[in-house]
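What follows is one structure encoded as structure tokens, with my remarks underneath.
Labels below follow one simple rule: chain letters A, B, ... track the order of the sequence lines, proteins then strands, and each chain is numbered from 1. None of the values given here were measured: they were computed from a predicted structure.
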Amino acid sequence: MRAVVIATMLTAALGAAYAAERFPPPEFTDHALPAPATPAARAAWLDYADAAALAVALGLASWLAIKRRSRAGIVALMAASLLYFGFWRSGCVCPVGATQNVALAAFDAAYALPWTAAVFFFLPLLFALLFGRVFCAAVCPLGAAQDAVLVRPAAVPAWLQQGLGLLPYVYLGSAVLLAGLGGDFIICRYDPFVSFFRLSGSFEMLLLGAGVLGLSAFVGRPYCRFACPYSVLLRWASRLSAWHFRIAPDECIPCRLCEDSCPFGAIAKPTPSDAESRAAGKRRLARLLALLPLLMIAGGALGWAASGRIARSNAVVRQADLVLLEEQQPSAVPADEVTAFRKTARPAAELYAEAARARDRYAVGGALLGALLGLAAGGRLIRLSVRRTRTDYEADRAECVSCGRCLRFCPRERARLGKASAT
Amino acid sequence: MAEDKNKLTRRGFIARGALGAGLLAVGGGLGGLLASGRSRTVWQIDPDKCVQCEKCAANCVLDVSAVKCVHAYAICGYCDLCTGFFQPDAGKFVPGAANELCPTGAIKRSFIEDPYYEYTIDESLCIGCGKCVEGCAAFGNGSLFLQVRHDRCLNCNECGIAAACPSQAFVRLPADQPYLLKTRGTTESG
């Protein structure tokens with residue numbers, strides 16, 4: 001009996017490698033076949049709850065920062081956001097990551113952008129256009145996690161802050177390129193806090209998270225300032241904001257009390273009066289304008305050169321490389337990618353052609369990305385070299401996250417609250 | 001602060017124009033996308049593409065993967081000698097850790113009628129390694145297959161397993177049709 005079964009099995013296996021029903025399913029008379037269980041996905045109304053929570057939190061943050069001017073209120077909202085968007089929602093979906101969904105939808109017509117991702121991407125930008133970076137202030141769980149542990153902020157020198165401030169551009173550009181061309185979501189993969197929110201994750205990610213949190217105790221919001229790709233978009237929107245958080249409630253009496261109160265280097269000081277000559281400023285501006293195209297060309301060339309390496313993150317390119325390697329040097333146990341490809345029974349030439357097309361797209365994308373990063377770097381140099389006369393202490397609209405820490409130091413604010421006499 | 005507040009400077013005009021353009025772009029983008037009304041998507045494994053590489057067990061962000069083995073009973077041959085259940089070199093065809101493929105003993109074998117046995121998966125024990133799926137696909141009807149279980153899946157924006165999957169078998173499905181089940185007569189379905 002057993003020998004027969006085994007023999008049948010072997011013939012079946014040899015005969016048709018992938019044919020189903022080698023053994024006809026029995027027809028039972030008195031045995032009902034169980035149905036496989038299919039637990040439902042998360043209920044749709046919870047999506048609406050998430051979107052509503054985001055809208056309410058953004059509205060509340062705007063009111064607390066601009067109208068109510070309450071640091072205590074912002075801290076409370078921050079804690080609530082950390083609990084809801086961080087721990088309860090496990091950090092997904094968030095506006096930072098939704099950037100990739102939007103990029104993928106823009107590049108790949110076959111990808112249907114879920115409406116939650118659209119809302120999470122656009123709503124904080126809309127609020128930033130109206131009220132500044134209120135999303136960063138009290139809604140973003142990543143920002144809240146860093147803000148909560150900031151105990152001894154050290155000042156980051158301006159040159160370092162401006163230099164490192166270019167990293168978010170690099171991150172955003174790479175994330176858009178990789179998500180758009182390969183569906184590879186690096187922002188999510190290297191999110192340093194998500195493993196804390198989930199209380200699980202790989203050792204490397206937990207280590208990275210612990211490192212960033214440790215750094216956050218001494219450097220104000222390092223991820224927000226020197227990594228967050230979404231911050232690039234928020235900064236641009238916030239620069240244009242119709243209303244923005246203000247340090248002094250009415251009029252600044254340049255008393256210098258708030259000068260060192262910002263751990264994020266977001267307070268713009270009044271410009272000194274011993275300005276350089278206009279001619280010297282013009283010469284520097286001309287030099288920087290001439291440098292701009294050079295930076296863009298250099299960036300483009302670098303991006304082009306690096307594109308081959310970047311393309312390897314693409315699943316098709318990786319598979320084609322492995323199949324080619326296997327063809328040249330067959331191994332005893334082929335890579336899983338090779339097995340998967342053989343199962344499809346497609347000709348290898350077709351895969352190679354597809355991979356070559358993908359590589360071309362990465363080459364163009366890489367060059368474009370490099371050129372844009374050159375433009376960002378040059379643009380920043382030009383912006384820093386242009387002098388604007390300022391007489392007051394103001395919140396730098398791009399850098400300021402409306403956290404409200406400076407309010408406590410402003411005598412005008414204390415007068416408004418009736419805690420001190422107006423000077 | 002002496003300047004007239006109502007006077008529109010050139011810089012002020014440009015800033016206001018840029019703000020208007022920004023609001024239009026963001027509002028338009030949001031409105032357009034909402035009007036197209038896409039539902040949320042969830043991750044799922046296309047069983048036809050799966051090569052049982054065992055990465056599902058290790059790459060999920062959860063400690064125990066959200067991927068589990070699912071049994072399409074209608075396809076199952078109810079074999080006495082199940083190649084998804086027994087080790088290829090099992091000495092005796094009786095259940096027991098030494099003879100079973102499943103590293104956690106998550107498959108239960110129960111007698112139905114001679115010579116048929118039914119194999120049920122205890123999902124609380126299953127770790128989604130796919131060893132049984134491989135055995136069943138190699139010599140059997142392929143009635144065992146892997147699926148993302150949505151009562152466990154966190155639906156990460158980037159699924160850790162999807163990123164590691166060598167056969168690009170992870171697909172996004174609309175949240176209201178979240179499974180790709182094998183059914184009799186066809187390997188497609190839903």
Side-chain angles (χ1 to χ4, degrees), chain A residues 2 5-6 9 12-13 20-26 28 31 33-42 44 47 90 92-93 97-98 100-101 111-116 118-119 122-123 125-126 129-130 184-185 188-189 195 198 200-201 237 240-242 251 315 319 335-337 339-340 343-344, chain B residues 1 15 18-19 22-23 26-27 29-30 33-34 37-42 49 51 53 55 61-63 70-81 83 93 112-113 116 120 138-142 149-151 154-158 160 163 166-169 172 175-176 178-179 181 184 187:
Chain A
R2 192 143 286 148
V5 173
I6 292 172
M9 227 171 60
E21 299 199 3
R22 295 180 182 118
F23 308 97
F28 294 116
H31 175 69
L33 293 186
T38 52
R42 194 168 173 268
D47 289 354
S90 311
C92 251
V93 55
Q100 303 161 115
N101 301 64
Y111 173 69
L113 181 70
W115 70 266
T116 37
V119 167
F122 283 112
L123 214 52
L125 288 179
L126 191 66
L129 280 170
L130 296 172
D184 202 14
F185 286 12
C188 299
R189 195 178 314 163
S195 34
R198 292 176 177 152
S200 79
L240 305 171
S241 55
E251 199 182 310
Q319 191 175 37
D336 292 321
E337 281 84 352
T339 314
K343 195 178 160 187
T344 63
Chain B
M1 299 293 112
L19 171 62
L23 282 173
V26 170
L30 181 59
L33 287 165
L34 284 186
R38 314 283 199 167
S39 87
R40 193 165 51 99
T41 56
V42 291
K49 289 186 185 165
V51 290
C53 64
K55 289 203 168 80
V61 292
L62 295 170
D63 284 339
V70 173
H71 198 181
Y73 296 93
I75 305 176
C76 180
Y78 282 76
C79 309
D80 171 12
L81 197 177
T83 52
F93 296 116
I112 303 293
E113 62 180 57
Y116 299 125
T120 46
F139 299 108
N141 285 358
R149 305 308 268 166
H150 294 295
D151 51 343
L154 297 177
N155 199 26
C156 303
N157 202 20
E158 160 153 296
S167 55
Q168 297 151 53
R172 290 183 178 90
D176 48 357
Y179 292 95
L181 298 179
R184 193 154 181 207
T187 43

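The CG atom of B/Asp63 sits 5.0 Å away from the OG atom of A/Ser200 when rounded to the nearest 0.5 Å. In this structure, SG in A/Cys92 is found 7.5 Å from CG in B/Asn155, a value given to the nearest 0.5 Å.
When heavy atoms are compared at a cutoff of 4.5 Å, B/Cys156 approaches chain A by way of both its backbone and its side chain. Neither the backbone nor the side chain of A/Ala44 has a heavy atom closer than 4.5 Å to any heavy atom of chain B. No part of A/Ala237 comes within reach of chain B, as not one of its non-hydrogen atoms sits under 4.5 angstrom from that chain. For a residue to count as touching a neighbouring chain, one of its non-hydrogen atoms must lie under 4.5 Å from one of that chain's; by this rule B/Ile112 touches chain A with the side chain only. Contact annotation for A/Asp47: only side-chain heavy atoms (C-beta onward) come within less than 4.5 Å of a heavy atom of chain B. For B/Ala15, the part sitting under 4.5 Å from any heavy atom of chain A is the backbone (N, CA, C, O) and nothing else. Interface remark: A/Thr38 contributes backbone and side-chain atoms alike to the contact with chain B (heavy atom separation under 4.5 Å).
In this structure, B/Tyr78 has its ring center at least 6.0 angstrom away from the ring center of A/Phe23.
Every side chain to side chain donor-acceptor pair (under 3.5 Å) that A/Ser241 has, sequence neighbours left out, goes to A/Arg397. The salt bridge (charged side-chain N to carboxylate O under 4.0 Å, His left out) test applied to A/Arg198 returns no partner, not counting sequence neighbours.
A side-chain N or O of A/Gln319 and one of B/Gln168 form a donor-acceptor pair less than 3.5 Å apart.
Contact detail for A/Arg22 and B/Ala138: the closest heavy-atom pair is NH1-O, 3.4 Å.
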